Chemist: 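Structure provided below as structure tokens; questions to follow.
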Amino acid sequence: MRFPAYLSVNRVALPRLFSRIFKGLYVLNGLLMVALRFNWLGPDLYSVYGLVSVTSFVAIVASFVLSFVDSFHRGEVEVTPDAVVLRRERKGTRIVPRSSIVSALAVHRPHPGVHVSTVELTLANGDRLHLRLNDAAAAATIVSALGFGPEGARLPVDLAMPSRRWLHLLLGFGVYAFAMVVSAFLLAASRGREVDALQAGSALLQMALYVPLVKLLAAPRVVVGRDGVLVERGWKRKAYRAGDPALPNVLRGIGVDGARVDAVVHAARERAVGGGAAIGALFERGGLSLPEWRARIVSALDGGYRASGNVTELARSVLASADVTPDERVGAALALRVAGDVEPVRRAAVATADDRVRVVLDAMADGADDVVERRLREL
């Protein structure tokens with residue numbers, strides 16, 4: 001299938017690499033200051049210190065420039081069984097293997113007088129490809145063809161806008177100012193005798209504060225699955241049901257892409273399949289061991305549920321439902337494992353947002369009983 005489109009790339013991998021180089025060199029600068037203070041490596045170290053300082057400055061400038069440099073090319077996109085082929089006018093053809101695509105999200109962005117439908121492809125290295133199309137139907141078709149539609153794989157999405165990096169710059173200046181104030185007080189206390197040591201300590205303090213603060217204040221990262229939406233913010237992770245009215249407000253914030261938030265909420269609701277809550281309790285574990293749980297499920301099914309519906313169909317409906325608990329979902333997978341029908345369990349594992357549940361479903365599909373028991377204890 002082919003569609004005309006405007007194609008662009010939001011680089012993430014290369015700016016991230018330059019940013020890490022800057023952080024490493026900045027810390028190295030602090031260590032070099034200590035070495036200079038105690039004359040460990042002689043006067044030649046001054047030239048090394050100067051080179052490291054210049055290189056670190058070039059690295060952070062390159063990181064920011066690459067984050068915001070973007071170019072649009074008219075062309076067309078073709079989805080094949082193995083790749084996404086981007087044919088760009090005056091830029092040549094780029095082939096993106098489907099194995100390198102970790103998510104595909106249809107985002108509808110408002111422009112003056114029109115809404116532009118965009119498919120955002122996130123690659124394994126973090127780069128994001130934007131395919132701006134003529135209509136929403138084409139965007140939905142591409143997303144489904146790549147295996148990320150309502151019945152497809154789970155969908156990891158970073159909600160940060162590229163412009164959010166300016167907040168990192170402001171945060172860096174704030175940390176620098178704080179470290180300078182601390183150094184000034186310590187310098188006054190030492191009566192000016194430990195200038196070099198305090199400069200080195202200031203550089204290390206700045207990085208020790210900056211890195212965790214960036215993590216703490218980061219934009220939400222989400223994983224959309226059949227079981228709901230897993231939201232990661234800082235070091236905290238929390239799961240939300242697709243229909244939770246609080247979800248949009250949880251995801252929004254400074255530097256967060258509002259159109260992408262709307263797309264995530266829409267994708268979650270598309271994946272949500274109701275109808276499982278009424279029968280989900282049948283598969284709940286209730287503190288039983290794995291053998292007892294299996295026996296209870298088999299006994300309950302043999303005791304009457306087989307008469308009202310096939311065991312695999314019953315378990316499939318619970319496994320696909322957005323209205324059941326993790327225990328009930330895993331119990332449905334166990335029922336399918338007992339019945340020898342593990343293919344739906346494999347598909348559910350791919351589409352599950354919660355990593356804890358996903359690894360259990362993977363074990364249910366292909367692992368031995370001892371592996372399943374170990375995964376269940378970790379749930």
Side-chain angles (χ1 to χ4, degrees), residues 1-17 66-67 70-73 75-88 91-109 116-162 219-227 229-230 232 257 259-268 270-271 346-355 358 362:
M1 61 182 72
R2 294 186 181 185
F3 301 93
Y6 284 91
L7 314 172
S8 64
V9 180
N10 173 216
R11 296 180 183 85
V12 175
L14 201 53
R16 182 186 295 151
L17 174 62
L66 289 171
S67 292
D70 201 357
S71 58
F72 295 90
H73 301 278
E76 69 174 15
V77 55
E78 179 182 2
V79 180
T80 71
D82 301 316
V84 174
V85 182
L86 309 176
R87 296 183 175 88
R88 301 165 292 180
K91 188 70 175 178
T93 298
R94 176 177 179 179
I95 298 176
V96 181
R98 291 179 65 156
S99 59
S100 69
I101 300 173
V102 298
S103 74
L105 180 68
V107 182
H108 306 292
R109 299 187 180 279
V116 176
S117 295
T118 304
V119 175
E120 297 185 355
L121 305 181
T122 302
L123 306 185
N125 65 0
D127 286 352
R128 188 178 294 119
L129 305 180
H130 298 263
L131 317 177
R132 300 191 178 186
L133 305 158
N134 291 330
D135 60 83
T141 299
I142 291 175
V143 169
S144 295
L146 291 173
F148 295 98
E151 302 296 326
R154 67 187 197 144
L155 191 64
V157 181
D158 186 348
L159 297 177
M161 300 175 68
R221 297 173 182 266
V222 303
V223 181
V224 182
R226 188 72 61 82
D227 54 334
V229 181
L230 184 67
E232 178 183 349
D257 191 326
R260 205 174 296 155
V261 169
D262 294 337
V264 163
V265 172
H266 178 72
E270 279 189 323
R271 281 165 166 73
R346 290 194 185 99
R347 291 198 300 268
V350 172
T352 297
D354 192 328
D355 286 333
R358 180 175 56 82
D362 280 334

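Quick caveat: nothing in here was measured; it's all calculated off a predicted structure.
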Chemist: Give a yes or no answer on whether the side chain of Arg154 reaches the backbone of Ala353 with a donor-acceptor pair at less than 3.5 Å.
Modeler: yes
Chemist: Show the nearest heavy-atom pair for residues Ala138 and Leu133, with the distance to one decimal.
Modeler: C-CD1, 4.0 Å
Chemist: Just how far is it from atom OG1 of Thr80 to atom CZ of Arg98, taken to the nearest 0.5 Å?
Modeler: 7.0 Å
Chemist: Within the distance-only criterion (no hydrogens, no angle test), does the side chain of Asp127 pair as donor or acceptor with the backbone N or O of Val12 below 3.5 angstrom?
Modeler: yes
Chemist: How many angstroms lie between atom CD1 of Ile101 and atom OG1 of Thr122, to the nearest 0.5 angstrom?
Modeler: 9.5 Å
Chemist: Rounded to the nearest 0.5 Å, how far apart are CD of Glu270 and CZ of Arg226?
Modeler: 11.5 Å
Chemist: Do the charged groups of Arg221 and Asp158 touch, with an N to O distance under 4.0 Å?
Modeler: yes
Chemist: Count the heavy atoms belonging to other residues, nucleotides or ligands that lie under 6.0 Å from OH of Tyr6, then report whether that count exceeds 12.
Modeler: no
Chemist: Return the CZ to CG distance between Arg109 and Asp262, rounded to the nearest 0.5 Å.
Modeler: 10.0 Å
Chemist: Please report the closest heavy-atom contact between Leu123 and Val102, naming both atoms and the distance.
Modeler: O-CG2, 3.8 Å
Chemist: Which heavy atom of Leu121 sits nearest to which heavy atom of Ala104, and what is that distance?
Modeler: CD2-CB, 3.5 Å
Chemist: Is a side-chain donor or acceptor of Ser103 paired with a backbone partner of Pro156 at a separation under 3.5 angstrom?
Modeler: yes
Chemist: State, to 0.1 Å, how close Asp362 and Ala349 come at their nearest heavy-atom pair, and which atoms those are.
Modeler: OD1-CB, 3.2 Å
Chemist: Taking atom NE2 of His266 as the centre, report whether more than 12 heavy atoms of other residues, nucleotides or ligands fall under 6.0 Å from it.
Modeler: no
Chemist: What are the two closest heavy atoms between Leu159 and Ala219, and how far apart are they?
Modeler: C-CB, 4.5 Å
Chemist: Could you tell me whether a side-chain N or O of Asp227 sits under 3.5 Å from a main-chain N or O of Thr352, the two making a donor and an acceptor?
Modeler: no
Chemist: Going from CG on Leu66 to CG on Asn10, what distance comes out if it is rounded to the nearest 0.5 angstrom?
Modeler: 11.0 Å
Chemist: When rounded to the nearest 0.5 angstrom, what is the spacing between CD in Glu120 and CG in Leu129?
Modeler: 10.0 Å
Chemist: Hey, is the main chain of Ala160 close enough, under 3.5 Å, to the side chain of Arg260 for a donor-acceptor pair?
Modeler: yes
Chemist: Please report the closest heavy-atom contact between Val229 and Ala268, naming both atoms and the distance.
Modeler: CG2-CB, 3.5 Å
Chemist: Output side-chain donor-acceptor pairs under 3.5 Å for residues 140-150, partner residues at least two apart or in another chain, one line each.
Modeler:
residue, atom, partner, partner atom, Å
Thr141, OG1, Ala137, O, 2.8
Ser144, OG, Ala140, O, 3.2

